Amino acid sequence: MMVKAWTAAQVARKVIDNENVFILDVRNKEAFEDWKIEGKQIAYLNRPYFELLDGVEEILPQIPTDRELLVVCAKEGSSIMIAQMLEEAGHEVAYLEGGMKSWSMHIEPIKVGDLTGGGELYQFVRLGKGCLSYMMLADGEAAVIDAVRFTDIFVDFAKEKNVKITHVFDTHLHADHISGGRQIAMMTGATYYLPPKDAEEVVFDFEDLMDGLKVQIGSVAIEALYSPGHTIGSTSFVIDDGYLLTGDILFIDSIGRPDLAGLAEDWVGDLRTTLYERYRELLDELVVLPAHFMIVDELNVDGSVAKRLGDLFAENHGLNIEDTAEFRTTVTDNLPPQPNAYKQIRQVNMGKLKPNADEQTEMEIGPNRCAVR
């Protein structure tokens, strides 16, 4: 008996469109509690598949019949078996093709705005990992910012839009996901930029991403703003005087963590200076576009993650801690667990480690943990 499969792309659209879905997640409890498919209208039941090997009768009263049903596991196999049992019990059911591995890899391009002279700005939303990458297009040229490792998505998107990628930027040396920036530059002949203060151990060539650097992508300007705190080299971008790409310094519902190089006590002061001084000199009307999101509530109705800087100054708790000592305590004492394999990921992004595709997938499995709430 063949049970229907849902691709990660289909599940992503259901999340973005706020469809009612019930997920039976048959991974172990620890894996489920650490990381799962999230959606505003998604309900869950977690029951490890090995507890269901003798049948699903025990959980049938907990399975609703008034919403779509999806079975999820790590890589697919277990969910197919449990989905078949549920179908035999009379339920219409699907399984996630490729399991949570495929969910971690899916990316959804979403247009977030128009730029001068007919240019466009796109956000690439990696729902399963909370990563956000960007591509700005103008006059036949394109720039990519904070690309994840799935390089073909960006290169193919540029081809579809009939633009040439000429510049690639990383706002900082990433620790929670493997960057695709340098590879995209190599594939396209683009110039690759990285903050030099983050790149002292990098073993490949790059252009220095310095404060005040201004690059033209066609008729549209992108300007670098040094904004340390998450890392010592963290750099933001102002695009077309309308958008602020904050990297991992400022998120919609949280702020960046300063400890992923083991220097939280040293960098917390830089973080406060960036958030409470540098950013406050900018226009409230700038639309903040971060490099990550933590919770599904940060998504807008179209699936994008974006909000006015002025609104964040009013609403984001991390921007409203007046006492410096309290801010330091909040940032250094409330840190979430470190990202999975973050030390190895930093080494990969320095060019020192060269894991194969399966090893890269294992490094990135799990949620991003770049923020402090």
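Each residue takes its place number in the sequence, starting with 1. This is a predicted model, so every value here is computed, not measured.
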Step by step, work out the salt bridge (Lys or Arg N to Asp or Glu O under 4.0 Å) result for R272 and E277.
CA-CA 8 Å; R272 184 173 177 85; E277 296 180 24; over 6 Å; no

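Not a single salt bridge (Lys or Arg N to Asp or Glu O under 4.0 Å) links D270 to another residue, sequence neighbours left out. The ring pair (Phe, Tyr, Trp, His ring centres under 6.0 Å) test applied to F169 returns Y193, F237, not counting sequence neighbours. Partners of D152 according to the salt bridge (Lys or Arg N to Asp or Glu O under 4.0 Å) rule, which considers only residues two or more places apart in sequence or in another chain, do not exist here. Applying the salt bridge (Lys or Arg N to Asp or Glu O under 4.0 Å) criterion to R280, with sequence neighbours excluded, gives no partner residue. A314 is linked by a side chain to side chain contact (heavy atoms under 4.5 Å, CB included) to nothing, counting only residues two or more places apart in sequence or in another chain. R13 is linked by a side chain to side chain contact (heavy atoms under 4.5 Å, CB included) to I16, D17, E108, counting only residues two or more places apart in sequence or in another chain. The side chain to side chain contact (heavy atoms under 4.5 Å, CB included) test applied to D54 returns no partner, not counting sequence neighbours. With sequence neighbours excluded, the residues forming a salt bridge (Lys or Arg N to Asp or Glu O under 4.0 Å) with E92 are K4, listed by chain and number.
There is a path of hydrophobic side-chain contacts, each under 4.5 Å, that joins V71 to L52.
Each ring-ring contact (aromatic ring centres under 6.0 Å, His included) pair with one or both residues in residues 61-105, not counting sequence neighbours, would appear here, but there are none.
Between the side chain of K40 and the backbone N or O of L299, at least one donor-acceptor pair lies under 3.5 Å. Without hydrogens or angle criteria, S102 side chain to G99 main chain gives a donor-acceptor distance under 3.5 Å. No side-chain donor-acceptor contact under 3.5 Å links N162 to the backbone of A158. When atom types are taken as modelled, the side chain of N356 and the backbone of E359 share a donor-acceptor pair closer than 3.5 angstrom. Counting only distance, with no hydrogens or angles, the side chain of N28 and the backbone of A31 share a donor-acceptor pair below 3.5 Å. Judged by distance alone, the side chain of D139 and the main-chain N or O of S219 form a donor-acceptor pair under 3.5 Å.
Taking 4.0 Å as the cut-off between side-chain N and carboxylate O, E58 and R47 count as a salt-bridged pair.
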Taking distance alone, no hydrogens or angles, what donor-acceptor pairs closer than 3.5 Å link side-chain atoms of residues 109-129 to residues at least two apart or in another chain?
unit_1 : atom_1 : unit_2 : atom_2 : d
K111   : NZ     : D114   : OD1    : 2.7
K111   : NZ     : E120   : OE2    : 3.3
T116   : OG1    : D240   : OD1    : 2.7
T116   : OG1    : D240   : OD2    : 3.1
E120   : OE1    : Y122   : OH     : 3.0
Y122   : OH     : K161   : NZ     : 2.9
Q123   : OE1    : V305   : N      : 2.8
Q123   : NE2    : Y134   : OH     : 2.9
Q123   : NE2    : V305   : O      : 2.9
R126   : NE     : S104   : O      : 2.5
R126   : NH1    : E364   : OE1    : 3.3
R126   : NH2    : S104   : O      : 3.1
R126   : NH2    : S104   : OG     : 3.4
R126   : NH2    : E364   : OE1    : 2.7
K129   : NZ     : E364   : O      : 2.6
K129   : NZ     : G366   : O      : 3.1

For residues 200-213, run the donor-acceptor check on the side chains, cut-off 3.5 Å, and write out each pair with its distance to 0.1 Å, sequence neighbours left out.
unit_1 : atom_1 : unit_2 : atom_2 : d
E201   : OE1    : K352   : NZ     : 2.6
D211   : OD1    : Y226   : N      : 2.8

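For the residue pair S227 / S236, a side-chain donor-acceptor distance below 3.5 Å is found, with atom types taken as modelled. Side-chain contact check for N349 and S179: no donor-acceptor pair (N or O, by modelled atom type) lies under 3.5 Å.
Heavy atoms only, all atoms of each residue included: K101 and D358 are closest at NZ-OD1, 3.9 Å. Considering every non-hydrogen atom in both E76 and G98, the closest pair reads OE1-N, 2.8 Å. Considering every non-hydrogen atom in both V163 and A142, the closest pair reads CG2-CB, 3.7 Å. For the residue pair V21 and R67, the shortest heavy atom distance occurs at O-NH1, 3.2 Å. Residues G233 and P195 approach most closely at O-CB, 3.1 Å, considering heavy atoms. Across all their heavy atoms, N316 and S254 have their closest contact at ND2-O, 3.1 Å.
Each of T231, V331, I249 was compared with P258 under the side-chain contact (heavy atoms from CB on, under 4.5 Å) criterion, and only V331 meets it. With respect to H172, the side-chain contact (heavy atoms from CB on, under 4.5 Å) criterion is satisfied by exactly one of T235, L194, D198, I232: D198. Remark: of the listed residues L132, I252, D176, D176 is the sole one forming a side-chain contact (heavy atoms from CB on, under 4.5 Å) with H292.
For an aromatic pair to be called close, the ring centres must be under 6.0 Å apart, and Y279 with F313 fails this.
Remark: K36 qualifies as a cation-pi partner of F32 under the 6.0 Å distance and 45° angle criteria applied to the six-membered ring.
Cluster note: M294 groups with I295 through ILVMFWY side-chain heavy atoms spaced under 4.5 Å, whether in direct contact or through intervening members.
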